[in-house]
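The structure appears below as structure tokens.
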There are 2 protein chains.
Amino acid sequence: MTAPNGRTPMSQQKSKSRHHGSCGPIPKAVVSRLSLYLRELQHLVREGHETTSSSQLGKVLGFSDAQVRKDLAYFGQFGYPGIGYRCAELIDAIKRILGTHRQWPVIIVGVGNLGRALLGYKGFQQQGFRIVAAFDVDARKIGRRIEGVEIFDLARLPEIAEQHNIKLGIIAVPASAAQTTAEKMVAAGLVGILNFAPVTISVPPNVSLVGVDLAIQLEQLTFSVINRLAET
Amino acid sequence: MTAPNGRTPMSQQKSKSRHHGSCGPIPKAVVSRLSLYLRELQHLVREGHETTSSSQLGKVLGFSDAQVRKDLAYFGQFGYPGIGYRCAELIDAIKRILGTHRQWPVIIVGVGNLGRALLGYKGFQQQGFRIVAAFDVDARKIGRRIEGVEIFDLARLPEIAEQHNIKLGIIAVPASAAQTTAEKMVAAGLVGILNFAPVTISVPPNVSLVGVDLAIQLEQLTFSVINRLAET
DNA sequence: TAGATTGTTAATCGATTAACAATC
DNA sequence: TAGATTGTTAATCGATTAACAATC
């Protein structure tokens, strides 16, 4: 809780009065780097580091030191001139910014290959997420438990979502069912959806959507590979 | 093979002589949108559309029509003024650009929860990827087959990679093993790595790396959700 | 003190958008 | 022809980088 010199970061009064340095909405790219900083900071702590610097973080992640400082400055003053950043303190700050300092209950719809893998994925818990229920339409799966998580009939989504005050949901159904699944999630009061189905879905403007298409990631790789070969 | 009017796109001579309109390297963001265009075009074809337009593609995907045209113009002239783009033709062109018009053999290292799901993921095959071998260090898994793919001892990676002329590999091992896995892949001649381990890994400059961190995707969602609530 | 490193400003760079002649 | 839509240029917008006074 105490900084290296026994005080709080820089001019604390100022830091607290203004919520963040720049105005306007935070660029999406900044937020995605924030998650990378967090992950790297947690790694550094496991390796025994007490403090780090913008140049160290930048070097590992492939960003410039200026960019690291600028990104963090959107949200406040977290560093100590001449010293750097205190890892534990910055982890705490970034978690607060991302909203993962508290635990989020999450539900998942679709218990196929991918859904099962996500149910068992340890990384979610480690970052503050807990899958509290799974849903499917296949009668043979309903009632079973996987990784300690019960599989419910999709029809019970509204009921269970309300019961646990669920805000976040993961779509792991086939592409053909993704849009209707999203609509059911929205109807059940969810406001954030992580979509693994390889299809574009649309949600109301008050709902956040993040899409992850695994095949697209491989496509990005092939493009980069063939163009690298072409250069040399 | 023939365009709507029986001819090839616009001034074909020009289109063929210059490889792409703008100079310098292609922005990464453009390439990732290219994959989204491809996915949407394939969807449109399944729905029976023959042609589409930059404004239709843009509307569905949330981009401006100008951006769609600009992105495509990096690589050549694919459209017909007054008509739009012929879906089948544009699909073909984008696949060629991304390098997925031919099939890529892929290997995967790590047959845990996530690795097994990826082995069974149909989306890879559909986009031109084929997982030809899996690797693990767990003796109980070695020799087994999952989804028709044999699991080999990781020690045999160089041998099998050479045999199948493998360029692409997927890392699905725990974070602690990711860096050494990457190094073994590079030593085995792979030049593109898709990393699902939640850790930053480093590879030589002649190797391409794409990282997917599932927990980070959820973090992006929580940020967006809490800041949306804050606005209103 | 000298050395290290921050937060922040101004300058640079790149990406998106608007507009429009050319085309079908 | 009139309407639709492209490819491309110029203008706008936003994001990254370089530089540096302030700080420890």
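Throughout, protein chains are lettered first and strands after them, A, B, ... in sequence-line order, and every chain is numbered starting at 1. What you see is a predicted model; the values in this text were computed from it and never measured. The figures that follow rest on heavy atoms only: side chains count, while hydrogens, waters and symmetry mates do not.
Whole-Å rounding puts the A:Lys59 NZ to C:dT5 P distance at 10 Å. At whole-Å resolution of the value, CZ in B:Arg69 and P in C:dA22 are 16 Å apart. Going from atom CD1 of B:Ile83 over to atom P of C:dA22 covers 19 Å, rounded to whole Å. In this structure, NZ of A:Lys28 is placed 16 Å from P of C:dA15, rounded to the nearest angstrom. Rounded to an integer number of Å, the gap from CZ of A:Arg86 to P of C:dT6 is 15 Å. If you take NZ of A:Lys70 and P of D:dT17, they are 11 Å apart, rounded to a whole angstrom. For B:Asp65 and C:dT16, the CG to P distance is 14 Å, given to the nearest whole Å. Rounded to a whole Å, the CZ atom of B:Phe63 is 15 Å from the P atom of C:dA15.
Among the nucleotides C:dT17, C:dT6, D:dT16, the one closest to the side chain of A:Ala29 is D:dT16. Proximity note for B:Gln67 (side chain, C-beta onward) versus C:dT17, C:dT6, C:dA22: the nearest is C:dT17. Candidate nucleotides D:dT6, D:dA22, D:dT17 were compared by shortest atom distance to the side chain of A:Ala66, and D:dT17 ranks first.
Under the Watson-Crick or G-U wobble criterion, with both distances below 3.5 Å, C:dC20 is paired with D:dG7. Across the strands present, D:dC13 finds its partner in C:dG14; the criterion is a Watson-Crick or G-U wobble pair with both atom distances under 3.5 angstrom.
At D:dT8, one or more side-chain N or O atoms of B:Gln77 fall inside 4.0 Å of OP1 or OP2 (strictly under the cut-off). Side-chain nitrogen and oxygen atoms of A:Arg33 include at least one within less than 4.0 Å of the OP1 or OP2 phosphate oxygen of D:dT16. For B:Ser54, a side-chain nitrogen or oxygen approaches OP1 or OP2 of D:dT6 to under 4.0 Å. When the side-chain nitrogen and oxygen atoms of B:Tyr80 are compared with OP1 and OP2 of C:dA22, none of them lie within a distance under 4.0 Å.
For B:Arg228 (side chain) and A:Pro205 (main-chain N/O), a donor-acceptor pair under 3.5 Å exists by modelled atom type.
With 3.5 Å as the limit, one finds a donor-acceptor pair spanning the side chains of B:Arg69 and B:Ser54. Between B:Asn113 and A:Tyr121, the side chains place no donor N or O within less than 3.5 Å of an acceptor N or O (distance only, hydrogens not considered). Residues A:Ser35 and B:Glu219 bring a donor and an acceptor atom of their side chains to less than 3.5 Å of each other. Counting only N and O atoms by type, the side chains of A:Gln42 and A:Gln126 include no donor and acceptor under 3.5 Å apart.
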